S.K.: 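Below is one structure. I have some questions about it.
Computation of the quantities below employed the complete heavy-atom set of this structure, encompassing side-chain atoms and omitting hydrogens, waters and symmetry-equivalent molecules. Counting begins at 1 with the first residue of the sequence. A quick note: this is a predicted structure, and the numbers were derived from the prediction, not measured.
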Amino acid sequence: MKKIHLLLIKAFVRPFIATFFVMMFILLMFFLFKWIDDLIGKGFEWYTILELMYYASAANVSMALPLSVLLSSIMTFGTLGENYELVAIKSAGISLQKAMRPLFVVILILTVASFFFSNYMLPKANLKFGSLLYDIRNKKLSFLIKPGVFNNAIPGYAIRVDSKEEDGTLHNIMIYDHRENNGIPKIILAKEGKMIKTSDGKFLQLNLKNGIQYEEQSSKNGMYNPRQVFTRNRFKETEPRFDLSSFNQSSTDPNAFGNSTPMLNLKGIVKKRDSLNKQLDSLKMRTVANLTSNFKQFNTTKGYTKIKAVPKEINDVILKSIPNGSRKLALDNATNVVANIMQHVPNWGPRQTDLTGEIIFTTVEYQRKFTLAASCILLFFIGAPLGAIIRKGGMGLPVVVAISFFLVYHIITTVAEKSAREGNLNPIFGMWIAVIVLSPLAAFLTYKATVDSALFDVNYYKQLIVKVFKKKGK
């Protein structure tokens, strides 16, 4: 390896490592801001929170790695241009393309590593993150009710208890149920109760004993009226349930943990997509069979008949073309056919939509394994020529330029992915559209940097404007 190659690699690796960890730290702070209410002050050990952050950081690599490549490329070649080292390299007979070769090898290594990371490490990290987050949310249920304070963690309720034992037994319970009745709460008081989670995990059940329930019926306009109906019911035992759907892991993912698409590698995604396609084909075949059977005349002895009916043109109301003695029978048969169809269609439609959406999602996740690797190469060929053109190092202008280009890349990718998942765009094209759109820009910038273009030189444009005005003055 030549010394110049070693110099370029060192000049690139140092800012790359620094920017990568800075980006990871910033993204982890965003993660903490999102989940801080569920993690802080809930009785979790510090190492549990760190473990969750560790697994969450794996998902941040998809944003931190391309941005770090772009920023470090601009900083490296910008610093070389600012210190006239790039001029010395070119004067030694080494073109910009040759100077970029050793860094391109480094980028290729990062690209291969990012692919293996996306295919093998990221699914396992997502699985660990999902299972740990699920356990944390389940454990959070034991902290929902704290002695001596009103707790509003369950939507629509305010719960207060005087004391709580380790086995979940509660004493002197007060519950305000303000979900309905125009804001007038229903109050439940009980001397003793026990907190139990149902077997399906969807509800928190309180077995209350020896209590009273107070309820007031609101007026029609929702205003308080002292003459409104007031009821009081005593009970020896009751079991109110509280919906815990807001604490579930996800309301959109029907699969649990290991079978979830983001937690699968390429082989697993292909297997799941084939399974979904088979289910969709079976559903379509059943749908067609059920629908067509309603329009076939059935014969009890010979099965389906092959009678060829002569087409008849209908110009007016259909009933007028049917003989008078057969109209009632025809209406009854038509009603039965429509009722049979409407009985099954409400089930077929949503199921087909769900399967189609899952198939699209598997295709999106399959392509995502490759787009992370491709984005590193693309952004390198944008960042390196940009740095050579602007000739500014440090954390000033390069950071602004890098973030601007990365935002363009990220916005295009996000919008295209959303359109693909909604079925408005081909999922393969949607995941690669950012690479397709920005590749000509990378080629253009590389060409301009090779010919020493003054694309971002302000003085060049000032001199050009002065020359234009001088010519007009003459």
S.K.: Which distance, rounded to the nearest 0.5 Å, do you find between the CD1 of I382 and the OG of S439?
M.R.: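 Rounded to the nearest 0.5 Å, the CD1-OG separation comes to 7.5 Å.
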
S.K.: If you define the side chain from C-beta out and look only at heavy atoms, does anything of F405 sit under 4.5 Å from L386?
M.R.: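 Heavy-atom side-chain distance check passes, below 4.5 Å.
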
S.K.: Ignoring hydrogens and angles, tell me if any N or O in the side chain of S73 forms a donor-acceptor pair with the backbone of G383 under 3.5 Å.
M.R.: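 A pair under 3.5 Å: no.
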
S.K.: Are F12 and F77, when compared by the centres of their aromatic rings, separated by less than 6.0 Å?
M.R.: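 No: the rings miss the under 6.0 Å criterion.
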
S.K.: Would you check if F406 and L71 make a side-chain contact, meaning some heavy-atom pair closer than 4.5 Å?
M.R.: no

S.K.: Does a side-chain heavy-atom distance below 4.5 Å link L372 with F115?
M.R.: no

S.K.: Could you tell me which non-hydrogen atom of N119 sits nearest to which non-hydrogen atom of L266, and how far apart they are?
M.R.: OD1-N, 2.8 Å

S.K.: Of the non-hydrogen atoms in S72 and T19, which two are nearest, and what is the gap between them?
M.R.: CB-OG1, 4.3 Å

S.K.: Quick one, E358 and T362 - any side-chain contact, counting heavy atoms below 4.5 Å?
M.R.: no

S.K.: Taking it one step at a time, do K418 and L425 satisfy side-chain contact (heavy atoms from CB on, under 4.5 Å)?
M.R.: CA-CA 9 Å; K418 184 178 179 180; L425 193 66; over 6 Å; no

S.K.: To the nearest 0.5 Å, how far apart are OG1 in T111 and CG in L65?
M.R.: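 Answer for the OG1-CG pair, T111 versus L65, is 8.0 Å.
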
S.K.: Using 0.5 Å steps for rounding, measure from the CD1 atom of I403 to the NE2 atom of H410.
M.R.: 13.0 Å

S.K.: Between A56 and F31, which heavy-atom pair has the shortest distance, and what is it?
M.R.: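 So the two residues come closest at CB-CE1, 3.7 Å.
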
S.K.: Kindly indicate whether the side chain of V61, heavy atoms from C-beta on, has any atom under 4.5 Å from the side chain of L122.
M.R.: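 No, too far: nothing below the 4.5 Å cut-off.
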
S.K.: Hey, is R368 close enough to E417 for a salt bridge, meaning N to O under 4.0 Å?
M.R.: yes

S.K.: When you look at L110 and F117, which way does the side-chain contact (heavy atoms from CB on, under 4.5 Å) test go after all the steps?
M.R.: CA-CA 10 Å; L110 285 176; F117 174 82; over 6 Å; no

S.K.: Determine whether F381 and M100 make a side-chain contact, defined as any pair of heavy atoms from C-beta on separated by less than 4.5 Å.
M.R.: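 When only atoms from C-beta onward are counted, M100 and F381 do touch, with a gap below 4.5 Å.
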
S.K.: Starting at OG of S375, measure out to CZ of F370 and round the result to the nearest 0.5 Å.
M.R.: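 So the OG of S375 and the CZ of F370 are separated by 13.5 Å.
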
S.K.: Is a side-chain N or O of S275 found less than 3.5 angstrom from the main chain of K271, in a donor-acceptor match?
M.R.: no

S.K.: Is the count of non-hydrogen atoms from other residues, nucleotides or ligands lying under 6.0 Å from Y54 atom OH greater than 12?
M.R.: no

S.K.: Is there a side-chain contact between L80 and L8 in this structure, where contact means two heavy atoms from C-beta onward sitting under 4.5 Å apart?
M.R.: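 With C-beta onward as the side chain, the pair touches.
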
S.K.: Write down the atom of P240, the atom of L208, and the distance for their closest heavy-atom approach.
M.R.: CG-CD1, 3.8 Å

S.K.: What's the spacing between I188 CD1 and I175 CD1 if we round to 0.5 Å?
M.R.: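 Those atoms lie 5.0 Å apart.
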
S.K.: Specify the closest pair of heavy atoms between A416 and G430, including all atoms of both residues, with the distance to one decimal.
M.R.: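 Closest approach of A416 to G430: CB-O, 3.1 Å.
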
S.K.: Using modelled atom types and a 3.5 Å cut-off, is there a donor and acceptor pairing between side-chain atoms of N207 and backbone atoms of T238?
M.R.: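 Side chain of N207 to backbone of T238, a donor-acceptor pair under 3.5 Å: no, none is there.
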
S.K.: Do you know the tightest heavy-atom contact between R273 and T363?
M.R.: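 In terms of heavy atoms, the two residues are closest at NH1-OG1, 3.6 Å.
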
S.K.: Counting N and O atoms only, with roles assigned by atom type, does the side chain of T371 sit under 3.5 Å from a partner on the main chain of M431, one being a donor and the other an acceptor?
M.R.: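 Side chain of T371 to backbone of M431: no pair is present.
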
S.K.: How far apart are the C-alpha atoms of F361 and R421, what are their side-chain angles, what is the distance that settles it, and do they pass the side-chain contact (heavy atoms from CB on, under 4.5 Å) test?
M.R.: CA-CA 6 Å; F361 185 51; R421 294 185 63 174; 3.5 Å; yes

S.K.: If you measure from NZ on K194 to CD on E239, what distance do you get to the nearest 0.5 Å?
M.R.: 12.5 Å

S.K.: Would L276 and T356 count as a side-chain contact (heavy atoms from CB on, under 4.5 Å) here? Give the steps.
M.R.: CA-CA 8 Å; L276 292 172; T356 304; over 6 Å; no

S.K.: Could you check if a side-chain atom of L32 sits within less than 4.5 angstrom of a side-chain atom of M29, using non-hydrogen atoms only?
M.R.: yes

